[in-house]
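The model shown is predicted, which means the values in this text are computed figures rather than measured ones. Every heavy atom of this structure was used, including side-chain atoms; hydrogens, water molecules and symmetry mates were not. Naming convention: chains lettered A, B, ... in sequence-line order (proteins, then strands); numbering from 1 in each chain.
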Amino acid sequence: MSETPKIKHFLRQIIEEDLAAGKFSEVVTRFPPEPNGYLHIGHAKSICLNFGLSQEYGGRTHLRFDDTNPTTEDMEFVQSIQNDVRWLGFDWQDHLYFASDYFEDLYQFAVKLIRDGKAYVDSCNLEEIRAMRGTVTEPGQPSPYRNRSVEENLDLFARMRAGEFADGAHVLRAKIDMASANMKMRDPLLYRIRHAHHYRSGDAWCIYPMYDFAHCLSDALESITHSICTLEFENNRDLYDWVIEHCDPPAKPKQFEFARLNINYTVMSKRKLMTLVKEKHVSGWDDPRMPTIAGMRRRGYPALAIRNFCEQIGVAKANSMVDFSQLEYCIRDVLNYEAPRAMAITRPLKLILETYREGQSESLEAALFPDEIGKPGTRKMSFSKTLYIEADDFMENPTKNFHRLVPGGEVRLKNAYTIKCERVEKDANGQITALICSHDPNTLGKAPEGRKVKGIIHWVDAQTAVPAEFRVYDRLFLDERPDTVGEFKDSLNPDSLVVLNGFVEASLAKVDAGSHFQFERQGYYFADPKDHSAKKLVFNRTVSLKDGFNKAASEEINTPAKVEEVQSVVKARTYEEVLATKAENQVPFFQTFHNDYGLSVDDADTLSATPELAQFYQTMLTSGAGRDAAAKWVVNELMRILKDIALAALPFDASKASALVQLLEKGTISSKIAKEILSEMVETGQDPNAILETKGLKQINDPQAIRALIEPLLQQNAEKVQAYRDGKDKLYGFFVGQAMKASGGKANPEILNQVLTAMLSAS
RNA sequence: UGGGGAGUCGCCAAGCGGUAAGGCAGCAGGUUUUGGUCCUGCCAUUCGAGGGUUCGAAUCCUUCCUCCCCAACCA
């Protein structure tokens with residue numbers, strides 16, 4: 001089985017940096033489901049991530065039920081969730097928590113906020129609050145209750161808790177900023193009144209905390225170090241930090257977001273899955289077609305395969321949709337190694353051996369695993385005159401590349417003899433009822449003499465075969481993205497479940513429910529954990545075998561045609577266009593820079609972005625830097641620095657910047673060294689000439705010195721030199737890079753290139 | 001039209017100024033008593049587009065384009 005290499009995705013990087021910086025001694029993550037539905041493959045990614053991270057770096061992961069909404073949550077779900085997490089292979093030990101256990105702590109934090117004037121009771125109703133929130137482009141309006149006194153707020157909040165008010169009469173809100181560009185910060189709700197029975201806290205409370213208040217504080221209460229959630233919570237991070245800052249719990253967890261998992265040909269939202277269950281499009285949450293963990297388990301997906309899959313798809317921040325075939329690959333990869341082989345006939349076709357004596361029978365031995373798996377074990381298979389083969393393995397009028405059974409053709413019965421089809425028997429309607437064949441008794445365990453038999457098919461002995469039901473599952477939806485084609489239910493695949501009745505070999509008569517098999521040449525099957533018994537054999541098709549023959553025919557009928565993207569050619573902006581966008585105090589600078597200094601429209605635009613920047617640039621000029629060089633430097637180098645530090649907060653002034661640019665202009669330093677000096681200036685505010693001296697960063701211009709640098713390098717990389725000379729000229733960059741590194745970045749690049757080129761071409 | 005994210009092969013995804021990793025899918029061969037597995041080879045002169053900086057740009061600057069998220073008393 002293939003090993004999935006572990007990529008250092010951004011969360012692992014963050015954790016390693018935090019660990020290296022000594023921010024904490026162990027990683028504490030949490031998986032925080034709301035108990036209002038079953039877990040699905042998307043949750044599996046989160047579970048693997050959270051538990052995986054704490055395992056890798058040393059630490060622990062908590063299982064915490066985020067049960068702050070009494071109207072949707074249920075004990076059934078807390079059971080199923082625990083079951084699913086455990087089945088996936090993870091252990092939270094004694095770290096099982098419930099947000100509902102924190103209700104009292106949370107209440108006290110809210111009281112603190114009120115006391116500090118950071119929260120207030122709002123008595124507006126739902127519609128009023130919504131109306132006053134504003135829109136994404138317009139600021140919200142403060143509630144008329146926003147300035148209630150601390151005493152009044154305290155009193156009201158206590159009475160809310162005491163049950164004096166009806167649902168919706170009041171809410172507790174954070175007092176942040178109704179004009180914030182981040183809608184989540186416009187005085188978000190912290191508590192609402194709900195006279196509802198909670199599945200755990202019962203009737204102890206009639207006010208319940210909102211997610212944004214409860215979640216971050218629950219994290220803090222548990223000393224979570226890395227609170228990992230999905231992308232849609234990015235906007236909530238400001239609020240997460242705000243609540244932590246103002247409630248000031250001892251621990252200060254941080255939130256990080258990653259892209260949730262999407263897989264094509266399925267749906268992942270709880271609402272849609274719930275609909276499928278409620279409207280009986282599937283048999284339940286654990287229907288093998290469901291992307292739920294319970295469904296996948298019942299389908300026969302190994303937990304290891306799911307874990308491998310989650311590792312394989314990676315963790316990043318780009319919305320993406322993973323191909324179903326990637327999951328299937330992981331399942332086959334595990335099952336190929338785990339599932340013993342057996343033979344099953346799903347659409348039986350009777351086959352009579354006219355050369356085999358009536359009443360005779362023999363016992364043949366068949367390996368449980370093919371040689372390359374390296375696992376021992378055999379089973380017995382009875383063989384007699386009448387057999388069943390798969391109807392698909394015979395074609396009366398074969399297509400071109402069909403190399404299974406055909407009239408007059410010979411084929412190998414796997415683990416038995418080769419046979420030849422002599423005649424086809426049909427009923428009155430012309431339907432094939434049986435195949436009359438002959439067998440070559442001299443082909444057991446060896447190749448027939450004088451001829452090659454290419455086809456191999458599977459079979460069962462009609463005398464001993466056991467009837468079995470096969471549930472052949474396929475993708476639940478016809479469209480890659482069922483949720484984007486109007487009503488998602490319209491995309492339901494009518495053939496997602498096909499029930500077939502056939503036979504399995506006798507050795508499977510007493511297998512336990514929940515065992516895996518590979519039915520040779522067909523697929524991996526799983527004895528259904530609920531419906532399978534010795535009385536009635538029921539096998540779920542977990543996944544088909546990869547099919548190198550039929551695939552061309554069955555290729556994705558529903559794959560939408562790629563829409564050609566129209567590339568509009570972007571024209572450079574004209575002086576007039578940019579001028580029209582400039583503010584009044586920018587215009588004079590913009591005009592001077594472009595018209596008088598001869599700078600490009602873009603550079604003039606950038607330099608005149610603020611009067612302060614424009615003045616900074618002009619001061620550089622009066623300190624001696626050239627117009628062009630200074631402009632390039634400010635636009636390309638300083639602008640980068642200014643993303644992190646405001647101009648006014650820069651530890652050096654325009655004259656020092658000017659000095660740096662002049663060094664560059666004189667050729668004393670290369671642009672690479674200029675960058676190095678700049679970052680030093682940002683750190684220390686020192687004069688560039690001083691940095692140059694103390695660090696010895698003067699450019700190396702002597703060709704001999706550079707040659708001496710390159711020589712050993714070429715010797716050490718003789719094969720690469722050869723490859724380069726043989727035409728792999730991309731390697732040039734490698735040599736430049738190495739040589740530059742060897743010089744500590746000080747080699748004059750122009751001279752270095754000359755010397756290098758000469759040395760590489762001299763053979 | 002505000003704010004927050006994201007764009008690297010058909011699908012995921014590394015890459016953090018110096019030779020465009022890897023996996024899935026696909027294609028072509030080899031091994032094979034599974035049209036499976038396994039093995040070998042092929043599969044991005046180019047990183048959403050344009051412009052710029054640099055000896056050198058997927059990586060830095062700049063303009064633009066596209067997609068996702070935010071206006072539940074859900075989480």
Side-chain angles (χ1 to χ4, degrees), chain A residues 2 4-5 7-9 32 34 36 66 68-69 72 126 129-130 133-138 140 167-168 171 180-184 186 189 191-194 210-211 215 231-238 257 259 264 312-314 316-323 325-326 329 332 336 341 370-373 401 403-404 412-415 445 447 453 455-458 518 520-522 545-550 559 562 565 567-573 600 602-603 605-606 632-633 635-637 639-640 670-672 675 720 728 730-738 740-741 748-750 752-753:
Chain A
S2 47
T4 306
I7 294 285
K8 259 198 190 32
H9 54 68
E34 184 189 9
N36 68 348
D66 227 340
T68 56
N69 184 356
T72 58
L126 199 146
I129 288 175
R130 187 176 298 163
R133 188 143 33 212
T135 68
V136 290
T137 50
E138 302 159 54
D167 287 4
V171 290
S180 173
N182 182 352
M183 298 292 294
K184 298 282 181 196
R186 317 248 258 229
L189 273 61
Y191 268 91
R192 76 286 214 189
I193 301 173
R194 276 262 191 296
M210 302 291 289
Y211 166 84
H215 195 91
L231 251 29
E232 68 269 27
F233 291 99
E234 276 173 326
N235 296 316
N236 300 55
R237 191 175 58 235
D238 284 344
E257 312 86 15
N264 55 11
Q312 204 172 90
I313 55 174
K317 299 194 72 157
N319 293 319
S320 60
M321 191 169 67
V322 176
D323 207 298
S325 66
Q326 186 121 11
Y329 168 84
R332 294 189 185 112
N336 177 42
R341 315 291 127 124
D371 290 343
E372 74 272 7
I373 300 296
N401 288 317
H403 53 252
R404 281 111 83 176
R412 157 77 63 184
L413 290 180
K414 170 95 180 171
N415 294 321
V453 173
I456 300 164
I457 65 172
H458 59 281
Q518 185 201 99
E520 292 203 71
R521 305 206 313 121
Q522 310 213 84
L545 247 29
K546 203 172 154 184
D547 187 352
F549 180 66
N550 283 324
T559 306
K562 265 271 167 194
E565 255 179 63
Q567 290 298 353
S568 53
V569 179
V570 183
K571 273 188 283 185
R573 301 176 308 159
S600 71
D602 281 342
D603 286 356
D605 182 23
T606 304
K632 276 179 182 168
W633 182 84
V635 168
N636 291 294
E637 305 296 331
M639 287 304 279
R640 184 178 73 249
S670 64
S671 64
K672 197 183 183 95
K675 270 178 220 217
K720 285 203 165 93
K728 200 172 177 202
K730 275 187 190 171
L731 246 21
Y732 188 77
F734 165 78
F735 293 116
V736 181
Q738 292 293 309
M740 264 302 184
K741 206 171 178 184
N748 178 323
E750 235 158 313
L752 187 147
N753 274 294

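For B/G15, the base has no donor-acceptor partner in the side chain of A/K8 [N/O atoms by modelled type, under 3.5 angstrom].
Spacing between atom CZ of A/R404 and atom P of B/U34 amounts to 14 Å, rounded to whole angstrom units. Put simply, CG on A/D603 is 10 Å from P on B/G52, counting in whole angstrom units. For the pair A/I313 CD1 and B/C12 P, the interatomic distance rounds to 11 Å; values are reported in whole Å. One interatomic measurement links the two molecules: CD1 of A/I7 to C1' of B/A21, which rounds to 8 Å at whole-angstrom precision. Atom CG in A/D605 sits about 13 Å away from atom C1' in B/C64, given to the nearest Å. Between the CE atom of A/M183 and the C1' atom of B/G3 there is a distance of 10 Å, given to the nearest Å.
Every salt bridge (Lys or Arg N to Asp or Glu O under 4.0 Å) that A/R521 has, sequence neighbours left out, goes to A/D393. Remark: A/K728 pairs with no residue by the salt bridge (Lys or Arg N to Asp or Glu O under 4.0 Å) rule, at least two apart or across chains. Remark: A/S320 engages no residue in a side-chain contact (heavy atoms from CB on, under 4.5 Å) (not counting sequence neighbours). For the salt bridge (Lys or Arg N to Asp or Glu O under 4.0 Å) test, no residue two or more places apart in sequence or in another chain qualifies with A/R194. Take A/Y329 and apply the side chain to side chain donor-acceptor pair (under 3.5 Å) test, not counting sequence neighbours, and it matches A/S2. The side chain to side chain donor-acceptor pair (under 3.5 Å) search around A/S671 returns none, not counting sequence neighbours. By the side-chain contact (heavy atoms from CB on, under 4.5 Å) test, A/N636 is found to be paired with A/K632, residues two or more places apart in sequence or in another chain being considered. Legend: residues meeting salt bridge (Lys or Arg N to Asp or Glu O under 4.0 Å) with A/D66, ordered by chain and number and at least two apart, are absent. Scanning for side chain to side chain donor-acceptor pair (under 3.5 Å) contacts around A/R640 gives A/E637, with sequence neighbours left out.
Residue order along RNA chain B, read from the 5' end via each residue's closest nucleotide, puts A/R521 first among A/R521 and A/E34.
Across all strands, A/Y732 comes closer than 4.0 Å to no nucleic acid atom at all (heavy-atom distances). Residue A/Q522 is out of contact with every strand shown, counting any heavy-atom pair closer than 4.0 Å. Within 4.0 Å of A/N753, counting heavy atoms only, lies at least one base atom of the nucleic acid. A/K184 comes within contact range of at least one nucleobase, with a heavy-atom separation under 4.0 Å. Within the 4.0 angstrom heavy-atom criterion, base atoms lie near A/H403.
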Shorter than 3.5 Å, N or O on both sides, protein versus nucleotides 37-39 of chain B: list them out with atom names.
residue : atom : partner : partner atom : Å
B/U37   : O2'  : A/N336  : ND2          : 3.0
B/U37   : O2   : A/E372  : OE2          : 2.9

N/O-N/O pairs, protein side and nucleotides 57-60 of chain B side, under 3.5 Å:
residue : atom : partner : partner atom : Å
B/C60   : O2'  : A/R640  : NH1          : 3.4

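With values rounded to the nearest 0.5 angstrom, A/L126 atom CG is found 11.5 Å from A/R192 atom CZ.
In B/A72 the base sits syn relative to the sugar, since the glycosidic angle is no further than 90° from 0.
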Quiz item: If the sugar-phosphate is the primed atoms plus P, OP1 and OP2 and the base is the rest, what is the B/S/- string for nucleotides 4-9 of chain B, using protein heavy atoms under 4.0 Å?
Solution: SSS---
